[in-house]
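Start at 1 with the first residue, then count along the sequence.
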Amino acid sequence: MHILPDTLRRHISKLPGNTRWVVALSGGLDSVALLHALAALPDLNSIRAIHVHHGISDKADDWAAFCETLCQKLGVALEVVLVNVNRSGGESLEERAREARYKAFEERLGDGECLLVGHHLDDQMETLLLRLMRGAGPRGMAAIPRTRPLGRGQVLRPLLDLGRAQIQEYGAAHQLEYITDDSNQNTAFDRNYCRLTLLPLVESRWPGYRESWSKTLTLSAEASALLDDLAQADLHSLLVSAKPDSGVSPRPEETGRVLATGPLRRLSEPRQRNVLRYWLRTLGLPEPGWELLRRLTREVLPAREDRAASLILGKDELRRYRDRLYLLPRLRPLEPAYKADWRPLQEPRLNLPQNGYLMLERGGPWRLPEAAVVTVRYRQGGEYCKLAGRAGKPLKKVLQEQAVAPWLRDRTPLLYAGSELACIPGIGVCEGHQAADPEQGVSVCWKAP
């Protein structure tokens with residue numbers, strides 16, 4: 001019965017010798033066998049285990065106690081982490097528990113640590129079938145990755161080549177005790193239904209399905225990698241470079257959050273979706289899904305240039321304006337009647353509720369009023385603006401001509417000297433408020449939210 005230790009040794013030997021090992025210990029057979037085999041290997045740098053206590057089952061305390069006893073026998077340090085799983089929401093309870101579990105792992109992994117997880121080949125088969133049912137693409141059809149980054153460390157699944165039966169043989173040979181979760185027999189859960197009903201039927205007709213499906217996993221992973229290579233090349237030509245500072249910051253261009261829509265629209269629609277999916281993933285967003293991507297390519301991208309089309313993505317928002325596609329955080333609404341008196345010489349920075357802040361800088365085109373008091377307001381409608389050296393126009397028209405994005409027009413701070421509009425940060429100074437000597441004047445920068 002050497003296949004499990006041999007497989008484990010083969011995969012962990014590919015990592016640096018100073019790697020510290022952390023086992024995700026649920027108490028079930030897979031994680032118990034993994035910890036037992038790992039603890040028996042000689043010359044390992046460091047081993048510890050983490051048990052995540054979800055509190056969902058009424059036996060959760062007993063499971064934590066079992067893991068503590070097991071780790072004491074093996075001489076392995078154990079950390080039991082209590083997590084609060086949100087029992088309401090759109091996702092399944094199983095998925096929310098998984099998210100809470102990996103968040104706990106991520107927070108506790110240190111530099112040079114590798115989290116070992118006991119997923120095996122039959123888990124892969126279940127995951128492949130579930131993702132097929134959900135209409136996954138090549139990336140999803142590659143199923144569970146063997147390794148990936150997590151926090152300051154990484155995850156490794158060394159048992160993915162082994163079937164459940166081989167792990168059971170190892171457990172029986174070493175008389176391992178482990179937890180049996182009664183909920184694993186509940187076929188109301190999709191994964192249990194696949195394990196207990198569907199896959200036994202598949203195996204009764206096609207006994208070698210694991211081998212053929214494993215080829216699908218490999219081919220899907222290769223196809224996903226090739227699509228990523230194509231997306232990376234496409235994205236390089238679409239990212240918009242940062243422009244000289246206009247006084248409005250932060251600039252999404254500096255963080256790769258703006259794409260040029262002209263060359264993007266010249267790509268085929270499948271290629272558009274491919275590069276958009278890749279772009280969002282590189283920025284840390286979850287997979288947007290087929291329907292959202294279709295709406296993005298068929299509604300947002302083709303919108304007229306004068307229309308500010310948008311699409312909500314969780315806490316973020318995709319906005320199309322002119323020939324740019326912006327990924328921005330969703331902005332909280334402002335109090336339209338906001339008004340504040342600001343003495344910038346005494347307090348160079350003014351925080352704006354839900355709207356970033358203003359910062360005074362010495363030297364610039366604006367002459368502060370004699371009282372050195374500025375009133376800060378937002379646009380109400382009907383304002384008139386005469387920038388220095390230019391014809392007077394409605395403020396709305398000025399903001400349009402200055403290419404201020406529609407979602408920032410009502411948020412742009414307006415600085416008044418008395419009852420007169422004197423300065424618009426990032427736009428200019430109004431007639432009659434210029435500094436005779438720029439060295440004696442000031443400028444104001446708005447750091448947008």
Okay, side chain of [X], backbone of [Y]: is any donor-acceptor separation there less than 3.5 Å?
X	Y	answer
Arg273	Leu296	no
His174	Leu176	no
Trp342	Glu347	yes
Arg157	His120	no
Arg320	Arg322	yes
Arg330	Gly314	yes
Trp446	Asn355	yes
Arg131	Ala143	yes

Which residues satisfy the side-chain contact (heavy atoms from CB on, under 4.5 Å) test with Thr187, sequence neighbours excluded?
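Expected list: Tyr193, Leu196, Thr197.
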Not counting sequence neighbours, which residues clear side-chain contact (heavy atoms from CB on, under 4.5 Å) with Ile179? List them please.
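Partners of Ile179 under the side-chain contact (heavy atoms from CB on, under 4.5 Å) test: Trp63, Phe66.
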For [X], does the [atom1] atom have more than 12 heavy-atom neighbours from other residues, nucleotides or ligands under 6.0 Å away?
X	atom1	result
Arg10	CZ	yes
Asp6	CG	yes
Arg332	CZ	no

Just to verify, what does Tyr338 make a ring pair (Phe, Tyr, Trp, His ring centres under 6.0 Å) with, not counting sequence neighbours?
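Only Tyr378 meet the ring pair (Phe, Tyr, Trp, His ring centres under 6.0 Å) criterion with Tyr338.
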Partners of Tyr178 by ring pair (Phe, Tyr, Trp, His ring centres under 6.0 Å), sequence neighbours excluded?
none
Once you round to the nearest 0.5 Å, how far does [atom1] of [X] lie from [atom2] of [Y]?
X	Y	atom1	atom2	value
Leu318	Leu327	CG	CG	5.0 Å
Leu360	Gln346	CG	CD	12.0 Å
Cys194	Phe189	SG	CZ	13.5 Å
Arg257	Asp316	CZ	CG	5.5 Å
Trp21	Ile12	CH2	CD1	5.0 Å
Lys447	Asn351	NZ	CG	13.5 Å

Where [X] and [Y] come nearest, the two heavy atoms and their spacing:
X	Y	answer
Leu121	Ser214	CD1-OG, 3.6 Å
Ala60	His53	CB-CE1, 3.4 Å
Cys71	Leu25	SG-CD2, 3.6 Å

Would you please name every residue forming a side chain to side chain donor-acceptor pair (under 3.5 Å) with [X], sequence neighbours left out?
X	result
Asp181	Ser183
Gln272	none
Glu401	Lys393
Asn186	none

Does the pair Glu269/Arg294 count as a salt bridge with the N-to-O cut at 4.0 Å?
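Salt bridge: no.
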Could you tell me whether Asp30 and Arg164 have a side-chain N and a carboxylate O separated by less than 4.0 Å?
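Not counted as a salt bridge, because no side-chain N and carboxylate O are separated by less than 4.0 Å.
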Side chain proximity check, [X] to [Y], heavy atoms < 4.5 angstrom:
X	Y	result
Pro344	Val444	no
Asp123	Leu160	no
Trp279	Leu325	yes
Arg20	Arg48	no

Quick one: side chains of residues 219-232, donor-acceptor pairs under 3.5 Å with protein atoms, not counting sequence neighbours, listed by atom name and distance.
from, atom 1, to, atom 2, distance (Å)
Ser220, OG, Thr216, O, 2.8
Asp228, OD1, Arg281, NH2, 2.9
Asp228, OD2, Arg281, NH2, 2.8

Test log, rule side chain to side chain contact (heavy atoms under 4.5 Å, CB included), inputs Arg146 and Leu156
CA-CA 6 Å; Arg146 186 177 299 279; Leu156 174 65; 4.0 Å; yes
Less than 3.5 Å apart, which donor and acceptor atoms pair up between the side chains of residues 105-112 and the rest of the protein, not counting sequence neighbours?
from, atom 1, to, atom 2, distance (Å)
Glu107, OE2, Lys103, NZ, 2.5
Arg108, NE, Glu79, OE2, 3.0
Arg108, NH1, Ala104, O, 3.2

Test side chain to side chain contact (heavy atoms under 4.5 Å, CB included) applied to Tyr102 and Val117, step by step
CA-CA 11 Å; Tyr102 276 91; Val117 183; 3.9 Å; yes
Given side chain to side chain contact (heavy atoms under 4.5 Å, CB included), test Leu414 with Arg379 step by step and report yes or no.
CA-CA 7 Å; Leu414 307 176; Arg379 189 165 72 97; 4.3 Å; yes
Distance only, no hydrogens: is a donor on one side chain within 3.5 Å (strictly under) of an acceptor on the other, for Asn192 and Arg195?
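Asn192 vs Arg195: donor-acceptor pair found between side chains.
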Quiz question: by atom type and distance under 3.5 Å, do the side chains of Gln154 and Thr147 form a donor-acceptor pair?
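The criterion, which ignores hydrogens and geometry beyond distance, is satisfied for Thr147 and Gln154.
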Should Gln400 and Arg409 be marked as a side chain to side chain contact (heavy atoms under 4.5 Å, CB included) after you check the CA-CA gap, both sets of side-chain angles, and the distance that decides it?
CA-CA 8 Å; Gln400 290 174 345; Arg409 291 173 190 168; 3.6 Å; yes
For residues 31-41, run the donor-acceptor check on the side chains, cut-off 3.5 Å, and write out each pair with its distance to 0.1 Å, sequence neighbours left out.
from, atom 1, to, atom 2, distance (Å)
Ser31, OG, Ser26, N, 3.1
Ser31, OG, Ser26, OG, 3.2
Ser31, OG, Gly27, N, 3.3
Ser31, OG, Gly28, O, 3.3
His36, ND1, Tyr170, OH, 2.7

Can you list every pair that meets ring pair (Phe, Tyr, Trp, His ring centres under 6.0 Å) and has a residue in residues 209-241, with sequence neighbours left out?
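Non-adjacent pairs meeting ring pair (Phe, Tyr, Trp, His ring centres under 6.0 Å): Tyr209-Trp213.
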